[in-house]
Amino acid sequence: MSYLRGFLPWIALAIVSTLGWQWGALAGLVLGAAMLIRARRAGLAADALILECSTVAFFTALTIFAFARPDSGLKDYVGALALGWLAVTAWTTLAVGRPFTTGIARRQAPPEVWDTYAFRHINVVITRAWSIAFTLSAAAMVVVVSAGLGVVAALAVQFAGFVLPALFTAWYPGWARSRLAPAAHRA
């Protein structure tokens, strides 16, 4: 579940924003920057830090705006905005052929599998699952806020937007490897 570690700033935003959106933004920025600095010091490759760089960019802009305009109507949609940003990040990595999950997966997978069809395919599918989850969650957050369904509904949507793809990420690689391995031997 190391995938979830990369989403800690976003989870902090969802939780801490209940105290004020500017504080949620600042918490996300501090966590995101700390994670990026720690990862760079550990020597992680740039492709393993796509999520961290995107996180710092988003939270830098959001923190500046939130403290400059704390009463902005945007504060009500910060959850949707965050999930939308993650969706754009994830879809963009797919569009350019560098799924954001690949760099994360390389932290756990041995180098000899990195260039295999199975490894690439699994990461495309997992990134697509995260992309869909972020997109649907962002749309659901707009509905939750617009309909005035409250904090509990908003937290439930955000929780589902992270937990469901995380569960898929934990399950899918093993299932896919068992399905792809026999096909590779037939080819």
Side-chain angles (χ1 to χ4, degrees), residues 1-42 44 48-93 100-101 103-104 107 126-171:
M1 287 289 188
S2 70
Y3 286 89
L4 280 182
R5 191 175 313 125
F7 296 116
L8 287 176
W10 304 92
I11 295 166
L13 171 67
I15 295 168
V16 179
S17 284
T18 60
L19 304 173
W21 74 306
Q22 65 273 40
W23 301 112
L26 183 60
L29 176 59
V30 169
L31 272 171
M35 292 171 67
L36 180 58
I37 291 167
R38 182 173 173 241
R40 289 299 299 144
R41 286 187 180 152
L44 289 178
L49 300 174
I50 292 169
L51 184 60
E52 288 85 347
C53 291
S54 176
T55 296
V56 170
F58 176 83
F59 282 112
T60 298
L62 184 65
T63 300
I64 291 167
F65 185 81
F67 277 100
R69 305 273 318 272
D71 294 329
S72 169
L74 191 62
K75 71 180 177 200
D76 296 332
Y77 292 91
V78 73
L81 193 63
L83 288 160
W85 179 269
L86 285 168
V88 168
T89 300
W91 286 116
T92 300
T93 67
F100 83 89
T101 59
I104 299 167
R107 298 179 197 175
I126 290 173
T127 299
R128 194 175 300 136
W130 282 100
S131 301
I132 292 167
F134 293 146
T135 302
L136 294 175
S137 297
M141 283 298 296
V142 169
V143 171
V144 165
V145 173
S146 298
L149 300 178
V151 174
V152 173
L155 288 174
V157 166
Q158 292 175 82
F159 181 78
F162 286 102
V163 172
L164 295 176
L167 292 172
F168 179 78
T169 298
W171 168 80

State, to 0.1 Å, how close [X] and [Y] come at their nearest heavy-atom pair, and which atoms those are.
{"X": "Gln158", "Y": "Gly79", "value": "OE1-CA, 4.0 Å"}
{"X": "Ser137", "Y": "Val157", "value": "O-CG1, 3.6 Å"}
{"X": "Gly32", "Y": "Thr55", "value": "CA-CG2, 4.1 Å"}
{"X": "Ala12", "Y": "Leu31", "value": "CB-CD1, 3.6 Å"}
{"X": "Ser131", "Y": "Ala87", "value": "O-CB, 4.3 Å"}
{"X": "Gly150", "Y": "Val144", "value": "O-CG1, 3.9 Å"}

Could you walk me through whether Leu51 and Phe7 pass the side chain to side chain contact (heavy atoms under 4.5 Å, CB included) test, one step at a time? CA-CA 8 Å; Leu51 184 60; Phe7 296 116; 3.5 Å; yes
If I take atom [atom1] from residue [X] and atom [atom2] from residue [Y], how far apart are they, to the nearest 0.5 angstrom?
{"X": "Trp171", "Y": "Ile126", "atom1": "CH2", "atom2": "CD1", "result": "10.0 Å"}
{"X": "Ser72", "Y": "Gln22", "atom1": "OG", "atom2": "CD", "result": "11.0 Å"}
{"X": "Tyr77", "Y": "Leu83", "atom1": "OH", "atom2": "CG", "result": "14.5 Å"}
{"X": "Leu74", "Y": "Arg69", "atom1": "CG", "atom2": "CZ", "result": "9.5 Å"}
{"X": "Leu36", "Y": "Leu29", "atom1": "CG", "atom2": "CG", "result": "10.5 Å"}
{"X": "Ser146", "Y": "Met141", "atom1": "OG", "atom2": "CE", "result": "10.0 Å"}

For the side chain of [X] and the backbone of [Y], is there at least one donor-acceptor N/O pair under 3.5 Å apart?
{"X": "Thr63", "Y": "Phe59", "answer": "yes"}
{"X": "Trp130", "Y": "Leu86", "answer": "no"}
{"X": "Ser17", "Y": "Ala14", "answer": "no"}

Set of residues satisfying side chain to side chain donor-acceptor pair (under 3.5 Å) with respect to Trp21, sequence neighbours excluded: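 With neighbours one apart ignored, the set is empty.
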What pairs with Glu52 under side chain to side chain donor-acceptor pair (under 3.5 Å), at least two apart in sequence or on another chain? Arg107
Is the distance between the ring centroids of Phe134 and Trp91 less than 6.0 Å? no
Pairs of donor and acceptor atoms involving the side chains of residues 160-168, under 3.5 Å and at least two apart or interchain, shall be tabulated with distances.
none

Answer yes or no: is there a side-chain heavy-atom contact under 4.5 Å between Thr101 and Thr93? no
Side-chain heavy-atom pair Leu13, Val78 within 4.5 angstrom cut-off: yes
Phe159 CZ: over 12 foreign heavy atoms closer than 6.0 Å: no
